[in-house]
Protein chains: 2
Amino acid sequence: MLKRERHAYIMHEIDIHNKVLSSDLSIQLTVSEDTIRRDLQELDEKGNLTKVHGGALSKSFHFTLRNNIVYSQPEKRIIAQKARELIQDGMLVLLSGGTTIIELIKSLPPELNATFITVSIPTALELLDHPNIEVIFIGNKLLKNAQMSVGAEVVLRLAEIQCDLCFLGTNSIDVDHGITDLELEVIEVKKAMIRSAKKTVSLSISKKLNTVQRMVVCKIEEVDILITELDPGDELLKTFKKAGIEIL
Amino acid sequence: MLKRERHAYIMHEIDIHNKVLSSDLSIQLTVSEDTIRRDLQELDEKGNLTKVHGGALSKSFHFTLRNNIVYSQPEKRIIAQKARELIQDGMLVLLSGGTTIIELIKSLPPELNATFITVSIPTALELLDHPNIEVIFIGNKLLKNAQMSVGAEVVLRLAEIQCDLCFLGTNSIDVDHGITDLELEVIEVKKAMIRSAKKTVSLSISKKLNTVQRMVVCKIEEVDILITELDPGDELLKTFKKAGIEIL
DNA sequence: AATGTTTTTGCGTATTTATGCAGTATTAAA
DNA sequence: TTTAATACTGCATAAATACGCAAAAACATT
């Protein structure tokens with residue numbers, strides 16, 4: 001087996017399980033642990049995974065959630081303020097997960113009367129806090145780290161829906177590669193969300209602009225509106241504007 | 001389990017509960033307390049938490065370790081201990097909402113390998129905390145105060161399922177009136193849950209025994225097992241035993 | 001095809017890391 | 001103050017890793 005194939009196999013394992021053990025891989029691929037260790041080292045240097053003692057973990061494996069919330073909260077507040085202007089009474093709105101979305105929900109005026117659909121447990125919990133809005137959760141198998149429903153059932157049920165707006169808390173957005181993400185199962189659902197909505201809105205702090213992850217959620221043309229904490233005239237946003245995206 | 005994974009688990013616990021006990025973590029992660037102590041020390045040095053005698057606290061919120069604000073009453077712990085004995089590897093288990101259920105989930109051994117189905121958002125969130133178990137959420141319209149899915153769609157989907165056990169966090173149970181509750185929509189779902197399970201287990205602190213609410217969920221005969229914090233021989237439980245219910 | 005070069009791989013050995021244990025010291029709760 | 005829980009120290013062990021080296025494989029060149 002070629003090195004390339006091993007690398008592909010390892011990344012596949014990482015995609016599915018979010019972790020690999022050197023010892024396991026050594027047996028599965030019938031090579032020495034030294035080789036595996038060197039493979040993991042290379043993949044780490046390329047930024048495809050995080051090597052740790054005993055194996056490797058997916059890049060999406062982070063445990064500083066709370067610190068992140070506190071850290072970029074002001075930016076996310078600004079984004080939330082802009083985003084909420086788009087939501088009007090009577091609308092049917094699709095929401096993803098993520099801290100930016102949570103911030104958006106917190107900023108919704110209490111008198112708003114709309115229906116929100118989501119697949120994310122924390123998003124649902126935050127939505128339930130609001131007095132007027134109706135909340136619909138599309139359930140199925142829940143993904144541990146993303147805390148959201150995934151799987152074919154979710155995709156199918158999303159296909160039956162026609163929403164006015166879809167807000168995506170975006171990890172990575174880039175003019176050439178579009179919106180990208182890490183986990184296969186998450187991407188399946190996000191794709192379905194985009195298909196079910198008349199307009200797709202990407203919420204993204206400026207740090208995440210022009211970054212790319214491993215797997216594609218959608219091309220840049222499929223994004224209708226991009227909201228960042230920056231001024232719409234900012235230099236960083238020019239390329240997105242040129243690609244025909246409305247900037248708020 | 002890799003050290004990094006342990007660290008992630010610990011930080012996740014901190015994010016949710018604002019505190020962790022070394023003794024708990026040692027059991028949950030099946031490593032010695034020494035290891036946990038070293039983990040906490042490292043995470044402290046990295047600035048992710050504050051280590052204290054007996055465990056660790058969140059950096060952002062400074063509670064003391066042993067106040068009962070976060071952790072709940074001892075009665076519910078006792079009930080949880082008894083209830084978890086019923087759950088075995090490979091089982092399909094249906095859970096309602098409520099703090100007793102949350103306590104049950106917290107007490108589940110980390111090596112347990114089972115599938116849990118629920119309609120309650122807080123229950124789902126707690127289940128996601130567990131390293132091994134699979135979580136399925138049955139979604140639909142969410143009810144604000146109960147924080148759970150309700151409606152015909154939920155009832156229909158429950159009807160398609162055949163579970164081994166159904167645990168109900170019970171508000172009111174009485175020999176003559178059975179399990180009773182307040183809201184119509186909640187009752188519809190609880191009825192469906194009972195129908196889908198081979199055995200129904202009612203979790204109830206003794207205060208709630210022999211109380212009645214407005215609407216009936218099920219007759220007393222439909223309850224297979226009743227779990228309270230009392231000794232099974234307790235006087236209070238005699239009438240239930242006479243009604244043919246197994247008491248734990 | 002023959003040759004030289006580079007890359008890849010596995011092995012032995014030394015080193016580092018991770019973890020648990022036992023005994024003692026310390027802390028905090030009753 | 002007493003007592004039980006928790007922490008620390010040093011040590012033992014096993015697992016994982018780094019390093020140098022040599023064989024093997026892949027590749028390039030003639």
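First the proteins, then the strands, lettered A, B, ... as listed; each starts at 1. Scope of the values below: all heavy atoms of this structure, side chains included, with no hydrogens, waters or symmetry mates.
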Between atom [atom1] in [X] and atom [atom2] in [N], what is the gap in whole Å?
X: R4(A); N: dT9(C); atom1: CZ; atom2: P; result: 12 Å
X: R6(A); N: dG10(C); atom1: CZ; atom2: P; result: 7 Å
X: I27(B); N: dA5(D); atom1: CD1; atom2: P; result: 13 Å
X: H7(B); N: dT17(C); atom1: NE2; atom2: P; result: 14 Å
X: L25(A); N: dA15(D); atom1: CG; atom2: P; result: 18 Å
X: L21(A); N: dA18(C); atom1: CG; atom2: C1'; result: 15 Å
X: K3(B); N: dT19(C); atom1: NZ; atom2: C1'; result: 11 Å
X: E5(A); N: dA25(D); atom1: CD; atom2: P; result: 17 Å

Which residues in residues 32-41 of chain B have a heavy atom closer than 4.0 Å to any atom of DNA chain C?
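By residue number: S32(B), D34(B), T35(B), R38(B).
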
Counterpart residues, side-chain hydrogen bond (donor to acceptor under 3.5 Å, both in side chains), relative to K144(B) (two or more places apart):
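side-chain hydrogen bond (donor to acceptor under 3.5 Å, both in side chains) check on K144(B) returns nothing, list empty.
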
Which residues pass the side-chain hydrogen bond (donor to acceptor under 3.5 Å, both in side chains) test with T170(B), not counting sequence neighbours?
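Only S202(B) meet the side-chain hydrogen bond (donor to acceptor under 3.5 Å, both in side chains) criterion with T170(B).
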
In chain order, what residues pass the ring-ring contact (aromatic ring centres under 6.0 Å, His included) check against F116(B), with sequence neighbours excluded?
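Once residues adjacent in sequence are excluded, F116(B) has no partner under the ring-ring contact (aromatic ring centres under 6.0 Å, His included) criterion.
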
For E5(A), does the CD atom have more than 12 heavy-atom neighbours from other residues, nucleotides or ligands under 6.0 Å away?
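Yes, CD of E5(A) has more than 12 neighbouring heavy atoms, counting only those of other groups under 6.0 Å.
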
S23(A) side-chain N/O to dA15(D) phosphate OP1/OP2 under 4.0 Å:
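Answer is no, no contact under 4.0 Å.
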
Side chain proximity check, [X] to [Y], heavy atoms < 4.5 angstrom:
X: I194(A); Y: V217(A); answer: yes
X: T118(A); Y: L127(A); answer: yes
X: R84(B); Y: L112(B); answer: no

Please tabulate, for side-chain N and O atoms in residues 39-47 of chain A, each donor-acceptor pair with protein atoms closer than 3.5 Å (sequence neighbours left out).
unit_1	atom_1	unit_2	atom_2	d
D39(A)	OD1	R6(A)	NH2	3.0
D39(A)	OD1	H7(A)	NE2	3.0
D39(A)	OD2	R6(A)	NE	2.6
D39(A)	OD2	R6(A)	NH2	3.2
E42(A)	OE1	K3(A)	NZ	3.2
E42(A)	OE2	K3(A)	NZ	2.9
D44(A)	OD2	K51(A)	N	3.0

Of all the nucleotides listed (dT6(D), dT17(D), dG20(C)), which has the minimum atom distance to the side chain of K51(A)?
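That would be dT17(D).
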
If you find the nucleotide of DNA chain D closest to L2(A) and the one closest to H53(A), which residue's nucleotide is nearer the 5' end?
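That would be H53(A).
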
Would you please enumerate the stems DNA chain D participates in, each stem being three or more consecutive Watson-Crick or G-U wobble pairs with both distances under 3.5 Å?
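Stem list for DNA chain D: C:1-30 with D:1-30.
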
Pick out which of V189(B), I121(B), L142(B), L143(B) makes a side-chain contact (heavy atoms from CB on, under 4.5 Å) with S149(B).
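Testing each of V189(B), I121(B), L142(B), L143(B) against S149(B), the sole residue satisfying side-chain contact (heavy atoms from CB on, under 4.5 Å) is L142(B).
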
